[in-house]
Colleague: 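One structure follows; several queries about it will come next.
In what follows, every chain begins at residue 1, and chains take the letters A, B, ... in the order their sequences are listed.
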Number of protein chains: 2
Amino acid sequence: MRYAKPWWYKRMIEEGIKFTLQRKLILDVLNRTKKHLSAEEIYFIVRKFYPNIGFATVYRTLDLLTKIGIVIKLNFGDGRMRYELAEKENASHIHLICKNCGKVFEDGGDENEKIKEIEKNISSRYNFKVENLKIFFMGKCENCQKGGD
Amino acid sequence: MRYAKPWWYKRMIEEGIKFTLQRKLILDVLNRTKKHLSAEEIYFIVRKFYPNIGFATVYRTLDLLTKIGIVIKLNFGDGRMRYELAEKENASHIHLICKNCGKVFEDGGDENEKIKEIEKNISSRYNFKVENLKIFFMGKCENCQKGGD
DNA sequence: CTGCATGCAAAACTTTTGCAGAATC
DNA sequence: GATTCTGCAAAAGTTTTGCATGCAG
């Protein structure tokens, strides 16, 4: 074959689930975007390439992919779940959420070492096996601080 | 008066909102529990003392109290929001969520210093004014690690 | 072929909203 | 006494589910 299959293809085969066109398209969308998309947003993007896809399929796929660790489910408290490829979550990045404009920024990972330390402490203190983590800082972004309220 | 009014009473007066019985009861529930209650749970507890309270009132109250910072809205990704008194959030505690049994544990605050450092770095690096933060560690708790799956 | 996956539509949930009546300050 | 708050019921929005059909392996 011409191109190597993406890493998630392997995982899916490994798990014995089918690599259908719909699933491929959903994963492509997640792979191409830098944003944290909601199920609805994903649905509408996929529809451009595959107009017949159903809402239920999007939800079921995201659910499935979340369960086997290919996708990460995020919640910024705005009433809907958002999704991203797990790959991108590796570096335990910090999400900065502006309470004013709602924008989500991400720390590049400069705090990774400190986070790892905390993780280590927590793990041993509570005998808790950390599999992944989410860190949200809520406040006001640079722009909104300037712009008054 | 015999007893000092709780701190949130002041905040509410300050904000010019009324300290109604329903609001008092909701705050009492939040104040007495150690758990992170959902709106529904709060509703049913308050109903024991005040059977006529409506769902909408609970939601509106929690919303209002969240807006003025008396209550913190949390989301553990299980499809419903959970609430706690802001007071308890002060120490930027870490939530440990067991993916297996769903239990939520809390770190006592032993990592506070490291968290503060991270917060400081983030603030200056992005000019982001951090107002509050949430840290979730997902994984397997001690019990579930023992018990096999 | 066989069973897993999909699409559709309806259901299930949580949360929000409109409005008339009630309670607070 | 005016305004804010409440309760009810209905609406809105997201996510889940049942079932017949379709498709991947």
Colleague: Please check this pair: side chain of A:Arg23 against backbone of A:Lys18, looking for a donor-acceptor N/O pair closer than 3.5 Å.
Modeller: yes
Colleague: Any heavy-atom pair between the side chains of B:Ile42 and B:Ile26 that's under 4.5 Å?
Modeller: yes
Colleague: Within the structure shown, what part of the strands sits under 4.0 Å from B:Ile53 by heavy-atom distance: base, sugar-phosphate, or nothing?
Modeller: sugar-phosphate
Colleague: Can you check whether A:Thr20 has a side-chain N or O nearer than 4.0 Å to OP1 or OP2 of D:dC23?
Modeller: no
Colleague: Between atom CZ in B:Arg47 and atom P in D:dC8, what is the gap in whole Å?
Modeller: 9 Å
Colleague: Measuring to OP1 and OP2 of C:dT24, would you say a side-chain N or O of B:Arg23 lies under 4.0 angstrom away?
Modeller: no
Colleague: Round to a whole Å and report the spacing from NZ of A:Lys24 to P of C:dA5.
Modeller: 18 Å
Colleague: Considering every strand and a 4.0 Å limit on heavy-atom distances, what is the contact class for A:Arg60: base, sugar-phosphate, or nothing?
Modeller: base
Colleague: Hey, which sits more toward the 5' end of DNA chain D by its nearest nucleotide, A:Ala56 or B:Phe55?
Modeller: B:Phe55
Colleague: As a test of reading the structure: which of C:dT6, D:dT6, C:dT15 is closest to the side chain of A:Gln22, going by heavy atoms?
Modeller: C:dT6
Colleague: Whether the A:Glu41 and A:His36 side chains hold a donor-acceptor pair (N or O, under 3.5 Å, no angle test) is what I'd like checked.
Modeller: no
Colleague: Main chain of B:Ile115, side chain of A:Glu111: is a donor-acceptor contact present, judged purely on distance under 3.5 Å?
Modeller: no
Colleague: Please determine, for the side chain of A:Thr57, which listed nucleotide (D:dT15, D:dC8, C:dT6) has the closest atom?
Modeller: C:dT6
Colleague: Find the distance A:Ile26:CD1 to C:dG7:C1' and express it as a whole number of Å.
Modeller: 13 Å
Colleague: Please figure out whether B:Arg80 or B:Leu21 has its closest DNA chain C nucleotide nearer the 5' end.
Modeller: B:Arg80
Colleague: Let me know, please, whether B:Phe19 or A:Gly16 comes out on the 5' side of the other along DNA chain C by nearest nucleotide.
Modeller: A:Gly16
Colleague: Take the protein atom CD1 of B:Ile42 and the nucleotide atom C1' of C:dT14, then report the distance between them rounded to whole Å.
Modeller: 14 Å
Colleague: Give the nucleotide from the list C:dG7, C:dT6, C:dT15 with an atom nearest to the side chain of A:Tyr50.
Modeller: C:dG7
Colleague: Any idea which of D:dC5, C:dT15, C:dG3 is nearest the B:Tyr59 side chain?
Modeller: C:dT15
Colleague: Which whole-number value in Å describes the distance from A:Ile68 CD1 to C:dA5 P?
Modeller: 10 Å
Colleague: Does B:Val29 offer a backbone N or O that forms a donor-acceptor pair with the side chain of B:Thr33 under 3.5 Å?
Modeller: no
Colleague: Between B:Tyr9 (OH) and C:dC25 (P), how many Å, whole number?
Modeller: 7 Å
Colleague: Using atom CG of B:Asp63 as one end and atom C1' of C:dT14 as the other, report the distance to the nearest whole Å.
Modeller: 13 Å
Colleague: Take atom CD1 of A:Ile17 and atom P of D:dG25, then tell me their distance rounded to the nearest Å.
Modeller: 11 Å
Colleague: What nucleic acid atoms does B:Tyr43 come within less than 4.0 Å of, heavy atoms only: base, sugar-phosphate, or nothing?
Modeller: nothing
